[in-house]
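Take a look at the structure set out below.
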Amino acid sequence: MEEAVVSKNFIEQIIEKDLAEGHYDTVRTRFPPEPNGYLHIGHAKSIILNYGLAKKYNGQFNMRFDDTNPTKEKTEFVDSIIEDIKWLGADWEDRLFFASNYFEQMYEAAVKLIKKGKAYVCDLTADEMREYRGTLTEPGKESPYRNRSIEENLQLFEDMKNDKLKDGEKVLRAKIDMASPNINMRDPIIYRVAHMTHHNTGDKWCIYPMYDFAHPIEDAIEGITHSICTLEFEDHRPLYDWVVTELEYENPPKQIEFAKLYLTNVITGKRYIKKLVEEGIVDGWDDPRLVSIAALRRRGFTPESIRKFVELCGISKANSSVDYAMLEYCIREDLKLTKPRMMAILDPIKLIIDNYPEGEVEYLDVTNNLENEELGIRKVPFCRELYIEREDFMEEPPKKYFRLFPGNEVRLMHAYFVKCESFVKDSDGNITEVHCTYDKEAKCGSGFVERKVKGTIHWVPAPYAIKSEVRLYENIVDEEAGVYNEDGSINVNPNSLKILKDCYVEPSFNGAKAYDSYQFVRNGFFCIDAKDSTPDNLVFNRIVSLKSSFKIK
RNA sequence: UGGGCUAUCGCCAAACGGUAAGGCACUGGACUCUGACUCCAGCAUCUCCAGGUUCGAAUCCUGGUAGCCCAGCCA
């Protein structure tokens with residue numbers, strides 16, 4: 001067996017070089033979300049990347065909540081994040097950390113900087129601070145409080161800590177360079193006063209460290225070697241390095257940036273998803289129209305399919321937007337061989353087999369997945385009256401239409417050949433019944449080879465079928481209009497929720513469990529809503545419409 | 001002449017000076033108990049542009065162009 005040659009991505013190259021040159025003797029990565037929302041497909045890229053690297057190089061993968069800003073964080077989110085990452089299969093073993101558990105060490109680190117003359121307490125207001133910071137093209141100017149004595153700074157910082165000050169009254173700043181072309185280096189704030197109840201530390205602290213100060217410390221404490229983050233932090237790297245250098249950590253971690261995952265025609269971006277949830281445009285964080293991990297799970301995506309997807313997308317520093325079709329490919333690819341396929345009719349029309357004895361029923365052995373016999377068989381009742389898909393019959397078929405039309409014979413999947421003899425219309429001209437005769441000899445699996453048919457259609461036994469209400473979701477984004485407007489608002493597709501009433505499914509659905517009920521409908525799939533798998537509440541994947549249209553040339 | 005980063009097929013993405021991998025999508029054709037799947041075939045004489053160095057450049061140099069990020073007491 002030969003494995004395809006997979007080239008190493010740029011991060012792997014950096015890691016291997018570091019290992020070879022002895023900068024590190026192991027690899028330790030982490031996934032450090034802020035618990036301020038649910039995870040989505042974009043986070044999956046980071047999780048799988050970090051976890052994958054740790055595994056590949058026999059290192060360790062840490063899970064860490066970067067909870068340094070209590071205003072946005074909730075335990076609801078930490079719970080959901082843990083659930084989602086576990087589901088994705090990333091294993092942090094016993095290394096689940098909270099940045100908030102390092103507050104004491106961060107405080108000590110700040111004191112150390114002050115003692116080194118590398119940090120000072122500043123009284124400038126937020127507005128003044130902005131003014132002093134300068135602009136993108138002009139340098140900033142130094143704060144009048146920049147040269148306070150170490151003793152005074154120590155005292156004031158302690159006052160900040162000991163609840164002697166109001167929010168925003170004073171901050172602690174790193175003393176770097178107000179003229180730096182990199183704005184992040186213009187004496188960035190590293191600690192602020194905020195009287196907030198923290199989801200983990202409660203009211204113990206009234207000062208909180210800023211990301212740029214906290215993150216490198218968190219990484220260093222945990223012995224992270226490669227701190228992988230997204231592109232927008234590139235400008236922060238000099239500050240990251242400044243912090244670990246001034247704090248004199250041995251073997252300091254190294255920050256590496258990669259491009260975020262964007263998908264065409266869907267909404268990524270936590271703040272937008274949050275908005276859709278909060279405004280009630282979608283039903284919640286796991287609404288099937290979203291690409292949150294919870295939503296994808298509910299729709300029937302498997303962890304394998306998402307891992308495969310991330311792997312296929314690759315890692316680079318180029319901003320890019322991956323075609324949604326790639327995600328769909330990955331789930332099809334996984335489901336294809338691993339899940340049973342059952343029959344269901346979305347838009348039914350009755351098919352009556354005139355020469356099949358009335359009242360008789362036989363239970364056919366149906367293979368769950370013709371491409372994977374290990375998935376076994378099930379019994380499906382077959383009788384005189386069936387439902388077939390409305391689009392599988394045409395009164396006047398176009399050329400190259402292989403399905404049912406007067407005089408034509410097709411195969412009923414897993415059952416018999418059936419020939420259309422006549423049909424019935426109602427007063428409005430709608431077809432209500434299709435009448436056929438079946439050929440008992442041409443039973444599937446009987447080895448019948450006398451005749452061949454060009455078409456095969458799926459069906460469901462009318463008296464035994466379970467009638468269900470089906471929700472068919474369309475993309476939340478208006479594909480024509482694009483995702484975002486110029487003002488940053490989202491183009492929501494007004495038809496993103498469609499209800500189809502008469503759906504009929506095989507009786508086998510009765511015992512169907514959340515994840516083992518993937519179906520092909522014509523050429524697509526649909527799946528049961530994993531959140532509530534009762535047959536009355538089927539959620540059809542958008543994948544249903546995928547590849548399902550048959551073009552007549 | 002603020003700084004940082006990025007530009008390779010419709011979409012991702014390799015190639016690390018030796019003559020443009022692969023996947024998705026698409027298009028033919030074969031096969032078929034799902035017009036799916038599978039299988040075969042096709043799909044960048046060319047790498048944002050313009051010069052230059054070299055026997056040889058997507059890769060090096062020079063100069064442009066385009067896009068993304070940065071002026072939160074968010075992360």
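Lettering of chains follows the sequences in order, A, B, ..., and the numbering in each one begins at 1.
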### Message
Looking at A/Ser316, I'd like to know whether one of its side-chain N or O atoms comes within less than 4.0 Å of OP1 or OP2 on B/C12.
### Response
no
### Message
Tell me whether A/Glu218 is salt-bridged to A/Arg30, with the criterion being a basic N under 4.0 Å from an acidic carboxylate O.
### Response
no
### Query
In Watson-Crick or G-U wobble terms, both distances under 3.5 Å, what is the partner of B/G2?
B/C70
#### Entry: Any-strand Watson-Crick or G-U partner of B/C37, both distances under 3.5 Å
none
### Query
Looking only at side-chain N and O atoms, does A/Lys260 come under 4.0 Å of OP1 or OP2 in B/C68?
no
### Query
Between B/U32 and A/Lys452, is there an OP1 or OP2 to side-chain N/O distance shorter than 4.0 Å?
yes
### Watson-Crick or G-U wobble partner of B/G42, both distances under 3.5 Å
B/C26
### Message
Within 90° of 0 counts as syn, otherwise anti: where does B/G72 fall?
### Response
syn
### Task
Quickly work out the A/Lys317 NZ to B/C16 P distance and round it to whole Å.
19 Å
### Message
Quick one about A/Asn36 and A/Glu34 (side-chain donor to acceptor, distance below 3.5 Å, no hydrogens or angles considered), yes or no?
### Response
yes
### Message
Applying a 4.0 Å non-hydrogen cut-off, can you work out what A/Asp235 is touching in the nucleic acid: base, sugar-phosphate, or nothing?
### Response
base
### Task
For B/C74, take OP1 and OP2 only and decide whether either is under 4.0 Å from a side-chain N or O of A/Arg192.
yes
### Message
So that I can tick it off, tell me whether A/Glu409 and A/Arg451 are bridged by a salt bridge, with the cut-off set at under 4.0 angstrom between side-chain N and carboxylate O.
### Response
yes
### Task
Pick base, sugar-phosphate or nothing for A/His236, based on heavy-atom distances below 4.0 Å to the nucleic acid.
base
### Query
Between A/Tyr211 and B/C74, is there a side-chain N or O to OP1/OP2 distance below 4.0 Å?
no
### Message
So A/Ser180, base contact, sugar-phosphate only, or nothing? Heavy-atom distance under 4.0 Å.
### Response
nothing
### Query
What about A/Arg237, does its side chain sit under 3.5 Å from the base of B/G4 through a donor-acceptor pair?
no
### Query
For A/Leu370 and A/Pro181, take the nucleotide of RNA chain B holding the closest heavy atom to each; which residue's nucleotide lies nearer the 5' end?
A/Pro181
### Side chain A/Glu34 and base B/C74 donor-acceptor under 3.5 Å
no
### Query
Distance check: side-chain N/O of A/Arg133 vs OP1/OP2 of B/G2, anything under 4.0 Å?
no
### Message
Suppose we call a contact any N or O donor and acceptor under 3.5 Å apart; does that hold for the side chain of A/Asn182 and the base of B/G4?
### Response
no
### Task
May I have the distance from A/Leu335 (atom CG) to B/C37 (atom P), rounded to whole angstrom?
14 Å
### Between P of B/C37 and CZ of A/Arg332, the distance in whole Å
7 Å
### Task
Compare side-chain N and O positions of A/Ser320 against OP1 and OP2 of B/A13 and report whether any pair is under 4.0 Å apart.
yes
#### Entry: Polar contact flag, side-chain donor to acceptor under 3.5 angstrom, A/Asp203-A/His195
no
### Message
Under a 4.0 Å threshold between the charged nitrogen and the carboxylate oxygen, would A/Glu362 count as salt-bridged to A/Lys443?
### Response
yes
#### Entry: Lys/Arg N to Asp/Glu carboxylate O, A/Lys164 vs A/Glu158, below 4.0 Å
no
### d(NE2, A/His458; P, B/A36) in whole Å
15 Å
## Note on the structure
Rounded to whole Å, CG of A/Asn184 lies from C1' of B/G4 at a distance of 10 Å
#### Entry: Any A/Gln13 side-chain nitrogen or oxygen under 4.0 Å from OP1 or OP2 of B/A15
yes
### Query
Which one is paired to B/G63, where only Watson-Crick or G-U wobble pairs with both distances under 3.5 angstrom count?
B/C49
### Task
Take A/Thr137 and A/Gly445, find for each the nucleotide of RNA chain B with the closest heavy atom, and name the residue whose nucleotide sits nearer the 5' end.
A/Thr137
